[in-house]
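First comes the structure, then the notes that go with it.
One-based numbering, in listed order, for ligands and for the atoms of each.
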Amino acid sequence: MVGTLTRVAAPCILFSAAFFLFNVPLAPGPSGIPSADLKDKLDIPEASAHGFTLPEDKFSWEAIAPTEKLIWTDCYSDKQCARLKVPLDYAHPDAASAAIAMVRIQSVVPHNSSNYRGPIILNPGGPGGPGVDLVLSRGSQLSTIVGPEFDLIGFDPRGIGRSTPQVSFFESRSEREIWSSNANSWTKSMNESADALSRAWARAIVEGQLAGEREDGSLRFMNTDHTARDMLRIVQAHGHDKIQYWGFSYGSILGATFAAMFPGNVGRLVVDGVADSENYYANEWDDDLIDADKVWSSFIDGCVAAGPEGCPFFSPTAAEISENIEKIYLSLRDRPIPVRTNTSFGLVDYSRLRRVIFQSLYAPYARYPALAQALADLSTGNATALYKMSEQPTFECGCDDSEHRFEPVSEGGLAVICNDGQRIPQAYEDTVAHYQKMSQMSAWTDVWEPYRISCVGWPEFPKNYFRGPFVANTSFPLLFVGNTADPVTPLWAAHKMARGFNGSVVLTQDSAGHCSISGPSICTQKHIRQYFLEGILPKPGTVCPVLGSPFPGNYVQASADAQAVLSLSVEDRTLFEAVRELATSLDGRFPARV
Ligand SMILES: *[C@@H]1O[C@H](CO)[C@@H](O)[C@H](O)[C@H]1NC(C)=O
Ligand SMILES: *[C@@H]1O[C@H](CO)[C@@H](O)[C@H](O)[C@H]1NC(C)=O
Ligand SMILES: *[C@@H]1O[C@H](CO)[C@@H](O)[C@H](O)[C@H]1NC(C)=O
Ligand SMILES: *[C@@H]1O[C@H](CO)[C@@H](O)[C@H](O)[C@H]1NC(C)=O
Ligand SMILES: *[C@@H]1O[C@H](CO)[C@@H](O)[C@H](O)[C@H]1NC(C)=O
Ligand SMILES: *[C@@H]1O[C@H](CO)[C@@H](O)[C@H](O)[C@H]1NC(C)=O
């Protein structure tokens with residue numbers, strides 16, 4: 001969930017990054033999760049550096065006509081694609097329509113077998129995250145977790161990516177790029193300068209005006225209520241009436257919305273990395289960071305524990321590490337560092353460092369080792385590694401924008417946030433008061449506040465959509481999954497949301513990071529599989545451990561972890577490899593497509 005400075009091809013995608021988990025393409029970094037040196041003994045494939053590269057989107061989505069019945073076309077070598085025709089406005093189903101782009105990984109079990117268990121619909125978060133990309137980049141690992149009896153379905157939510165009509169406020173990619181990469185960039189820390197907050201506010205007013213002036217009448221229908229209805233259509237188009245769903249991050253808001261709107265249509269519903277939906281719809285954004293400081297402490301304490309061999313930014317005490325970070329902040333405030341790589345160029349400044357660290361909190365197993373190295377380099381004045389952690393391809397101004405027609409753009413997520421959320425006062429003083437209140441709650445408010453601000457200038461569409469209450473006797477109990485230290489979806493939100501859904505259970509994973517798959521836990525993923533396959537919920541109060549630490553750590557610990565892996569059954573090892581690949585490949589970066 002969050003971005004880059006020099007931008008780049010998908011600039012303001014930051015918006016869609018709030019509650020977003022996945023990014024592509026990625027190379028797994030070094031991490032303490034045992035595998036590499038055990039590879040020979042275990043005879044398991046290493047997560048390859050190209051394992052998560054998104055296939056080039058050569059598939060022609062426009063060539064398949066949107067239909068009310070599902071018609072699958074082969075795509076991306078071994079998958080199938082379809083565009084489902086749905087009403088743009090469910091209050092007027094016979095008027096204009098929208099087309100939802102979907103991709104499917106088919107179950108290994110034949111559909112006419114009694115073991116076939118139907119489709120599971122996935123949502124990667126955002127809002128604004130393209131589910132097609134999730135299935136293309138991580139579908140095989142997720143499929144290993146849930147098992148061969150299920151199809152996996154990823155869809156780009158209405159307004160987003162390959163689904164049409166697409167939300168876009170800019171007249172060309174270049175116009176978007178110029179706006180997003182100039183000095184107004186909203187990806188700045190609100191603590192970078194005295195006017196950072198007021199600039200973010202002013203910027204949001206302009207974007208709100210653009211949104212209102214340049215939309216064709218479809219913008220107001222891009223909301224979570226309608227996306228939940230679209231999901232019901234997807235389920236029905238498969239010939240089922242009950243959903244099977246696994247939603248991450250913002251996907252927990254979408255899942256809770258679906259369950260509250262259609263309690264009788266719940267087959268299996270997992271929400272993982274649970275946001276407080278009420279707070280989100282109230283456009284408050286003020287209880288997400290409850291555990292963020294705790295996650296940051298996990299980096300510092302983990303570095304101390306890993307020792308100088310395990311953590312390049314090591315100091316003997318947490319206090320010293322904090323002081324060393326503070327020194328880097330102050331130095332970057334005075335003197336940003338220019339960086340030139342063989343593919344791009346830019347500056348490492350205070351804002352960039354803040355964002356890179358915050359992104360790292362989402363995915364400790366993928367990012368902590370690299371972050372520790374980058375900080376160590378920074379303290380000697382070398383900013384290259386830090387820059388590379390957020391490097392994005394240089395923007396290329398092609399002649400033909402239509403080639404990029406289906407790329408997700410930041411406005412999609414923004415539209416969902418602002419259409420869903422209660423109107424907030426436009427007065428700048430209100431923004432200041434909110435920021436001050438938030439600053440008391442977390443040290444990471446400076447990178448979080450922009451999400452709420454971004455709606456101050458939003459057009460006044462009617463708010464006659466479902467926005468709660470989140471209470472229901474669902475036709476099957478929900479499974480909530482939360483980590484003990486999640487930077488943006490704190491565990492208490494899982495407990496709060498679970499109270500509204502009769503019979504639901506909260507499964508806790510004892511790890512830092514965003515959503516269960518940020519940490520490698522065989523226990524968690526087995527519970528999720530058991531829930532989908534057999535309908536068995538974990539016992540209330542279940543806490544799952546993870547295997548291995550984000551830092552390579554000391555030899556004794558690494559050996560113990562290695563032994564633990566060696567003692568796994570073949571089946572568990574396969575599962576472990578899938579969760580390890582997921583955990584080490586997650587990336588807090590803004591979801592930029594290739
Ligand atoms: C399932 O479908 C396949 C091919 O469509 C067919 O060969 C097979 O006999 C079917 N199996 C059953 C149990 O109906
Ligand atoms: C802003 O940055 C200064 C200096 O780095 C720090 O002391 C202060 O706590 C920060 N304030 C907020 C609200 O993040
Ligand atoms: C840039 O350098 C890296 C290693 O330093 C190399 O792997 C990569 O291929 C280079 N890219 C280009 C476009 O030259
Ligand atoms: C800075 O660090 C990079 C690795 O990230 C290294 O390749 C480069 O040589 C270093 N530059 C200097 C001047 O030491
Ligand atoms: C759930 O069912 C119970 C009893 O059957 C009922 O009292 C309660 O109002 C129901 N809750 C909701 C949200 O429908
Ligand atoms: C939960 O559902 C059961 C029946 O399924 C009902 O008896 C009970 O009252 C419900 N509880 C609440 C709090 O709605």
Quiz item: Which atoms of ligand 2 are found less than 4.0 Å from any heavy atom of Glu326?
Solution: 4 (C), 5 (O)
Quiz item: Which value, rounded to the nearest 0.5 Å, describes the distance between Phe532 atom CZ and Ile120 atom CD1?
Solution: 4.0 Å
Practice problem: Identify the heavy atoms of Ser511 and Gly519 that sit nearest to each other, and give their distance. | Solution: OG-CA, 4.5 Å
Practice problem: Output yes when a protein non-hydrogen atom is found under 4.0 Å of atom 2 (O) of ligand 4, and no otherwise. | Solution: yes
Practice problem: Step through it carefully: locate the ring centre of Phe551, locate the ring centre of Phe299, and say whether they are under 6.0 Å apart. | Solution: yes
Practice problem: Work out whether the distance between some heavy atom of Trp444 and some atom of ligand 2 is less than 4.0 Å. | Solution: no
Quiz item: Which atoms of ligand 2 have any heavy atom of Tyr350 under 4.0 Å away?
Solution: 2 (O)
Quiz item: Is atom 14 (O) of ligand 4 close to the protein, meaning a heavy atom under 4.0 Å from it?
Solution: yes
Quiz item: Of the listed options (Leu378, Asp377, Thr341, Thr380), which comes nearest to atom 4 (C) of ligand 4 when hydrogens are ignored and any heavy atom counts?
Solution: Asp377
Practice problem: Using non-hydrogen atoms of the residue, decide whether Arg333 is closer than 4.0 angstrom to ligand 2. | Solution: yes
Quiz prompt | Within 6.0 Å of CD in Glu534, more than 12 heavy atoms from elsewhere | solution = yes
Quiz item: Taking all non-hydrogen atoms of both residues, which atom of Tyr531 and which atom of Arg268 are closest, and how far apart?
Solution: O-NE, 2.8 Å
Quiz item: Where is the tightest heavy-atom contact between Glu391 and Arg352, given as atom of each residue plus distance?
Solution: N-NH1, 4.3 Å
Self-check item: Where ligand 1 meets Asn112 - atom numbers and elements under 4.0 angstrom, heavy-atom basis
Solution: 1 (C), 2 (O), 3 (C), 8 (C), 10 (C), 11 (N), 12 (C), 14 (O)
Practice problem: Kindly identify the option in Thr384, Asn382, Val339 whose heavy atom sits closest to atom 8 (C) of ligand 4. | Solution: Asn382
Exercise. Could you give me the CA-CA distance, side-chain angles and deciding distance for Glu207 and Arg203, then say whether salt bridge (charged side-chain N to carboxylate O under 4.0 Å, His left out) is met?
Key: CA-CA 6 Å; Glu207 290 191 349; Arg203 180 184 167 84; 3.3 Å; yes
Practice problem: Identify the protein heavy atom lying closest to atom 9 (O) of ligand 2, giving its residue, its atom name and the separation to 0.1 Å. | Solution: Asn191 ND2, 4.8 Å
